[in-house]
Amino acid sequence: MTDIRFYNTFSKKIETFTPIKPGKVKLYSCGPTVYSHPHIGNFRSFLMADLLKRFLKFKGFAVTHIMNITDVGHLLADAEEGADKLEEEARKQQKDPLEIAQIYIDSFMQASELLNMEPANSFPRATEHIDEMIKMVETLVEKGYAYVVGHNVYYDITKFERYGKLSGNTIDDLNAGARVEVNSEKRNHQDFALWKHDPMHLQQWDSPWGKGFPGWHIECSAMSMKYLGKSFDFHTGGEDNIFPHHECEIAQSEGATGKKWVNYWMHGRFLLFDGEKMSKSKGNLYTIQELIEKGFKKSAIRYALISSHYRQNYNFTFDGLKAAQQAVEKFQQCVTMLKEASGNDSGAVRESITGTAEQYLAEFDAALSDDLNISKALGACFDLIREVNKVGDLNSDEAKVLLETFAKIESVLGILYEDRSDIPEEIVALAEQRLAAKADKDWAAADRLRDEIAEKGYILEDVPGGKFRIKQK
Ligand code: AMP
Ligand code: ZN
């Protein structure tokens, strides 16, 4: 097998990938903070992990993937002080933080499905792992990495020699850049909270230090190790996660175990809109549902978000999205033509056909093995499509060889799912009628149609933003 190489944010070098256990990969991804509908910028980062996972599976690895759900502790502006993002939203909407979490977990899951993301093996929630976090904080206090002030616990970054190695920040630089310290109980400006006391916080738990809630970073250390062990292969996130989040995660995890925690760090550069980072705080965002409502295919959105290299910014434009839609259609047309040709008479497979299939699949593999060079990989796919379209008289055996090649490519790209549906047309029609009834505010008809769908064995779910999803019971 040819080498697989990835850029490692930790070493700042391209490295050859060697798994901890042969044939197996353990992957952790920082997931959503569930206080708003995720936007396409968030999904650029999540899809980077999806592409990595699918590619590693294509290479034959058994991948265990964990993605956390942050439902407590993430403060506004990723800062040490200020409101908790979820609680702020709970107050705004006059709802319980857990209700807020559920609304946006559902929204995230629905959008993930629209984008054909392979679900992680588990999506652990911070609020369901408070015990694990408390245990880790206790260990850090025992080992002298953390200190208690009243009901708060902080990590003393001067105790962890490698602090700053991931982000390139030195403690001196950080101190020089720090604003006047508001919180004087900390030993150093950049010490970060592991456990916080705040009587106003809506979500509180008992701990050895009194009632409080965990800092943002500790959840990923505690949950990743619970599900993946003390050391694992990959950790992914967006570039804004590098500091402080991932720097602090390393200090916590390696401080607690004394072992190297993560071997390869992969960070995606931002998706930009009009030259600026797409973000909730700037309000310059699009959700997946919004783009679908504008008439774009979900597979085109997926394609647009994966088709530029993860270590470069992706400037989102509607022209780009239209081009993505055309690209997906080219794939689709070629595969449809091959499916039709697989009904032709059988015959000997010409060497030129196997040669073409092997050559471009090898190019696709080699490109992705080179730090997920997706542009080059897609280039190989379009060369393959062009060659296949040139052959006019495929027999069924040749069509099958080519379809197998496309299936391998599709296992990585995941873009040919637009019209995949096991739901009978009759059910979809009833759901459409219900949508129309809702639009007319004819609630009685809407309820009756939902019941009728249920009687026929299907569950209808409303998707935030207007549409619906149908599942078999
Ligand atoms: P959050 O829900 O804020 O915790 O963010 C979830 C993920 O989305 C994190 O990994 C962020 O780094 C990532 N992210 C946020 N904004 C963008 C963006 N504009 N482009 C790419 N990734 C982003
Ligand atoms: Zn994290």
Side-chain angles (χ1 to χ4, degrees), residues 9 27-52 66-79 84-86 88-89 100-101 104-105 107-108 111-112 115 117 120 123-126 129 133 166-167 192 214-228 232 234-253 261-262 265-288 304-306 308-316:
T9 316
L27 162 66
Y28 184 86
S29 301
C30 283
T33 305
V34 283
Y35 73 118
S36 65
H37 296 296
H39 55 75
I40 53 173
N42 300 131
F43 275 104
R44 183 178 200 228
S45 290
F46 301 144
L47 283 169
M48 172 192 77
D50 190 60
L51 187 69
L52 171 68
I66 303 298
M67 181 180 274
N68 70 306
I69 304 276
T70 300
D71 53 3
V72 69
H74 193 172
L75 305 188
L76 288 171
D78 295 356
D84 185 315
K85 293 187 182 196
L86 249 101
E88 174 97 341
E89 198 55 37
I100 293 292
Y104 297 112
I105 288 173
S107 169
F108 165 75
S112 304
L115 292 177
M117 269 171 60
F123 292 95
R125 287 173 65 163
H129 295 79
M133 294 188 226
L166 176 74
S167 60
F192 57 93
W216 172 34
H217 317 304
I218 195 74
E219 64 172 272
C220 289
S221 294
M223 297 196 289
S224 65
M225 286 203 235
K226 171 166 179 181
Y227 294 96
L228 297 176
F232 53 91
F234 278 100
H235 192 317
T236 68
E239 61 176 309
D240 55 344
N241 287 156
I242 297 173
F243 190 86
H245 189 47
H246 291 166
E247 194 72 68
C248 298
E249 287 183 10
I250 296 175
Q252 295 165 159
S253 307
W261 181 47
V262 167
W265 286 89
M266 183 177 272
H267 292 99
R269 296 290 300 275
F270 289 141
L271 178 145
L272 309 178
F273 187 62
D274 281 342
E276 279 198 287
K277 177 193 175 191
M278 182 170 282
S279 70
K280 182 169 191 219
S281 57
K282 293 205 180 77
N284 59 349
L285 53 83
Y286 284 104
T287 63
I288 312 303
L305 295 177
I306 61 170
S308 62
H309 194 252
Y310 74 94
R311 279 198 294 124
Q312 282 165 6
N313 285 128
Y314 170 61
N315 212 349
F316 173 78

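In listed order, ligands and their atoms are each counted from 1. The first residue in the sequence is number 1, and the count goes up from there.
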Worksheet entry | Pair Trp216 + Phe192: ring centers closer than 6.0 Å | no
Worksheet entry | Ligand-residue contact atoms, ligand 1 with Gly31, heavy atoms, under 4.0 Å | 4 (O), 6 (C)
Item to complete: Do me a favour and list the nearest non-hydrogen protein atom to atom 20 (N) of ligand 1 with residue, atom name and distance?
Response: Leu271 N, 2.8 Å
Item to complete: With heavy atoms under 4.0 Å as the rule, classify the contact between His39 and ligand 1 as side chain, backbone, both or neither.
Response: side chain
Worksheet, complete the sentence: What one should report as the nearest heavy-atom pair of Leu47 and Leu115 is CD1-CD1, 4.1 Å
Response to the item:
Taking the Zn ion (ligand 2) as the apex, SG on Cys30 and NE2 on His245 give an angle, to 10°, of 120°
Worksheet item: Relative to the heavy atoms of Thr33, which atoms of ligand 1 are at a distance of less than 4.0 Å?
Response: 1 (P), 2 (O), 4 (O)
Worksheet, complete the sentence: Closest to atom 17 (C) of ligand 1 (heavy atoms only, candidates Ser281, Ser36, Gly41) is Gly41
Item to complete: Determine, using ring centers only, whether His129 and Tyr227 are less than 6.0 Å apart.
Response: yes
Response to the item:
ligand 1 atoms nearer than 4.0 angstrom to some heavy atom of Met278 are 16 (N), 18 (C), 19 (N)
Worksheet item: Is it true that Phe270 and Tyr314 have ring centroids separated by less than 6.0 Å?
Response: no
Discussion item. Using modelled atom types and a 3.5 Å cut-off, is there a donor and acceptor pairing between side-chain atoms of Thr9 and backbone atoms of Trp265?
Written reply: yes
Worksheet item: Is it true that Lys280 and Glu89 make a salt bridge, defined as a side-chain N closer than 4.0 Å to a carboxylate O?
Response: yes
Discussion item. Can you name the atoms of ligand 1, numbered from 1 with element, that are less than 4.0 Å from a heavy atom of Pro32?
Written reply: 2 (O)
Worksheet entry | Where ligand 1 meets Asn241 - atom numbers and elements under 4.0 angstrom, heavy-atom basis | 9 (C), 10 (O), 12 (O)
Fill in: Phe270 neighbourhood, listing ligand 1 atoms whose heavy-atom distance to it stays under 4.0 Å
17 (C), 18 (C), 20 (N), 21 (C)
Worksheet item: Is Arg269 reaching over with its side chain to a backbone N or O of His309, donor-acceptor style, under 3.5 angstrom?
Response: no
Fill in: Polar proximity ligand 1 side, Ser45 side, N/O cut 3.5 Å exclusive
yes
Worksheet item: How far is atom 15 (C) of ligand 1 from its nearest protein heavy atom, and which residue and atom is that?
Response: Asn42 ND2, 3.2 Å
Worksheet item: Looking at His217 versus His246, is the centre-to-centre ring distance below 6.0 Å?
Response: no
Worksheet item: If you measure from each heavy atom of Thr70 to ligand 1, is any distance below 4.0 Å?
Response: no
Fill in: Working for side-chain contact (heavy atoms from CB on, under 4.5 Å), residues Ser29 and Phe234
CA-CA 8 Å; Ser29 301; Phe234 278 100; over 6 Å; no
Practice prompt. Among Asn313, Asp240, Asn284, find the residue that satisfies the side chain to side chain donor-acceptor pair (under 3.5 Å) test when tested with Lys277.
Written response: Asp240
Discussion item. When you measure from the heavy atoms of His74 to every atom of ligand 1, does any distance fall below 4.0 Å?
Written reply: yes
Worksheet item: Within less than 4.0 angstrom of ligand 1, does Phe46 place any heavy atom?
Response: yes
Worksheet item: Got an N/O contact under 3.5 Å between Asp240 and ligand 1?
Response: yes
Worksheet item: Is the Zn ion (ligand 2) less than 2.8 Å from an N/O/S atom of Glu249, whether that atom is in the backbone or a side chain?
Response: yes
Worksheet item: For the side chain of Glu247 and the backbone of Ser167, is there at least one donor-acceptor N/O pair under 3.5 Å apart?
Response: yes
